[in-house]
Amino acid sequence: MNDFVFQSPTRFVFGRGYADRIGGEVAALGAKRALLVYGGGSVVRTGLLARVTASLDAAGVGYVELGGVRPNPEVGLVRKGIELVRREHVDLVLAVGGGSVIDTSKAIAFGTSYQGDVWDFFMRKATIGACLPIACVLTIPAAGSEASGSCVISNDELGLKKGVNGDVFRPRVAVLDPEVTFTLPQYQTAAGVTDIICHICERFFSTAGPVPVTDNICCGIIRAVMDAATTVIATPDDYDARATIMWSGTLAHNDLCGCGRSSAPTKRAGGWESHGLEHEISAHRPEVAHGAGLAVILPAWMRYVWRANTERFLAFAKGVFDVEPVDQSDEATEDAITYAIDELQRFLVRLGMPRTLGDLGLSQDEVDGWLQTLRQNKGERFGELKPLTMEDARAIYLSAF
């Protein structure tokens, strides 16, 4: 087990009807005026936004609204939010939504005190320092942004999608009410479950070797979320299944699943190869759901790299699917590993996720564009389990069609 630092300062308020508690939670942080950030019409249509504003009113917390956050959030709205915060004397940013809304809120919160352009942080031209407190009401279990020290934003003008990391912008409080997810479309639920599983796999497939406690946590969460997702297909309003998915999303990305796996105490575990490859797709094609892209890229990456560390993949096959080689031969090892990868992809397809990039309306002609921005983001070589060159990346992309 490697050395690590684990910090999870977020207060979690989890349960039925708990979205109505957000006003009191925000007031307890000492906030007087919040920037209320949300996405499209679903929070309005379902009445959740009205519940949140009523809760803020009851707690005596003022607010100004910023709607219109899209999937794969864009820096232009972040800049608009920063202007609102400064003009309206906001002292807390409140996100009501999923990862895109929360990441937008994070970027607004740490961009407010900076006198330059917020995109400087994503280009590593500035270091994040001060940050307004952040609170959230989670509506889409997927990104884990409600507890993570991660923030990913797109820049359409540059065709880039980049992330920053830091504990300073972890939310101070996260309200998790599984009932608000009952109305999520199946495709959105499936994309979220895919992202949850991928967040765990990115950490599991590191070079640290066995870490029994963390490995069992990782595999246990994957099994739990797979069982819950299967239940939700048949019964969308099954509270326990929705609660399992929601809590799994939080634990998948608050760094618990990476404890003991990072190569340095303050570094996130794993090489994050699948996320790096997928981010280029959804940066160029923002209409592609991040989880849907991952549903194709994660198995493609697995098939390309598994021979670099058969022990890790055998541990995954055993821990998630209870599959082991029938003997010590190379053929039996390959059979066990490829079965596990195939079974993972079969599960994602059963949820309604695409099998190929072509299923997403993408073409091989786009690969060169993805590689161009991948090189800008990652350099000529990236990853941990098997460091990938740009030609490796090309091969993975092409194999996914």
Side-chain angles (χ1 to χ4, degrees), residues 12-22 38-52 55 67 69-72 95-102 136-147 174-200 220-253 287-296 298 320 343-355 359-360:
F12 302 108
V13 184
F14 191 111
R16 290 180 175 88
Y18 276 20
D20 300 314
R21 297 191 178 192
I22 187 61
Y38 55 94
S42 62
V43 294
V44 177
R45 185 174 61 254
T46 61
L48 178 60
L49 188 65
R51 290 170 61 190
V52 169
S55 182
V69 178
R70 73 176 200 196
N72 299 306
V96 181
S100 295
V101 173
I102 300 171
C136 61
V137 177
L138 182 66
T139 63
I140 305 173
S145 195
E146 68 275 8
V175 172
L176 285 70
D177 182 345
E179 288 184 332
V180 307
T181 69
F182 286 180
T183 57
L184 281 178
Q186 172 60 24
Y187 190 85
Q188 203 165 27
T189 299
V193 167
T194 304
D195 200 11
I196 290 167
I197 291 172
C198 195
H199 283 158
I200 298 171
I221 294 174
I222 292 175
R223 292 196 308 270
V225 80
M226 290 176 69
D227 288 345
T230 302
T231 298
V232 163
I233 291 176
T235 315
D237 61 352
D238 186 299
Y239 178 85
D240 287 337
R242 290 288 187 181
T244 295
I245 294 171
M246 183 168 266
W247 190 231
S248 296
T250 299
L251 297 181
H253 202 36
E287 70 274 17
V288 173
H290 175 55
L294 287 173
V296 180
L298 175 62
V320 177
E343 189 63 16
L344 175 62
Q345 186 162 45
R346 283 190 288 267
F347 164 75
L348 297 175
V349 171
R350 287 197 301 271
L351 288 186
M353 288 288 93
R355 182 181 296 276
D359 293 339
L360 289 166

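Below, all heavy atoms of this structure are taken into account, side chains as well, without hydrogens, waters or symmetry copies.
Listed by chain and number, the residues in a side chain to side chain donor-acceptor pair (under 3.5 Å) with Arg346 are Glu343 (sequence neighbours excluded). Arg21 pairs by the side-chain contact (heavy atoms from CB on, under 4.5 Å) definition with Val13, Tyr18, not counting sequence neighbours. For Gln188, the side-chain contact (heavy atoms from CB on, under 4.5 Å) criterion is met by Ile140, Leu184, Pro185, not counting sequence neighbours. Scored by the side-chain contact (heavy atoms from CB on, under 4.5 Å) test, Thr230 finds Phe347 as partners (sequence neighbours excluded). Looking at residues two or more places apart in sequence or on another chain, you find a side-chain contact (heavy atoms from CB on, under 4.5 Å) between Ser55 and Ile22. For Arg70, the side chain to side chain donor-acceptor pair (under 3.5 Å) partners are Asp156, not counting sequence neighbours.
Under the 4.5 Å side-chain criterion, counting only non-hydrogen atoms from C-beta, Met226 is in contact with Val320. Within the 4.5 Å cutoff, no side-chain heavy atoms of Ile196 are placed close to those of His253. Residues Thr244 and Asp227 form no side-chain contact, since every pair of their non-hydrogen atoms from C-beta on lies 4.5 Å or further apart. Contact check for Pro178 versus Trp247: no side-chain heavy atoms found under the 4.5 Å cut-off. Asp177 places a side-chain heavy atom less than 4.5 Å from the side chain of Arg51.
For the pair Ser145 and Gly99, the tightest heavy-atom approach, listed with the atom from each and the gap, is CB-CA, 4.2 Å. The two residues Pro354 and Ala292 make their nearest non-hydrogen contact at CG-O, 3.5 Å. Between Pro71 and Ser100, the shortest heavy-atom contact is CA-OG, 3.5 Å. The minimum heavy-atom distance linking Gly192 with Ala142 is given by the pair CA-CB, 3.3 Å. Of all the heavy atoms in Gln345 and Arg355, the pair that sits closest is NE2-O, 3.3 Å.
In this structure a side-chain-to-backbone donor-acceptor pair under 3.5 Å is present from Asn72 to Val288. Although no hydrogens or angles enter the test, the distance criterion places no donor-acceptor pair under 3.5 Å between the side chain of Glu146 and the main chain of Val137.
Between the CG atom of Leu49 and the OG atom of Ser42 there is a distance of 10.0 Å, given to the nearest 0.5 Å. One finds the OG1 atom of Thr250 at 7.5 Å from the CZ atom of Phe14 (value rounded to the nearest 0.5 Å). From Leu351, atom CG reaches atom OG1 of Thr194 across 6.5 Å, with rounding to the nearest 0.5 Å. One finds the CG atom of Asp237 at 8.5 Å from the CZ atom of Arg242 (value rounded to the nearest 0.5 Å).
Partner Leu138 forms a side-chain contact (heavy atoms from CB on, under 4.5 Å) with one of Ile102, Val175, Val180, Val101 and no other, that one being Ile102. If you run side-chain contact (heavy atoms from CB on, under 4.5 Å) between Ile245 and each of Val232, Asp240, Thr231, Thr181, only Val232 comes through.
Classified by interplanar angle (parallel below 30°, tilted 30° to 60°, perpendicular above 60°), the ring pair Phe182/Tyr239 is perpendicular.
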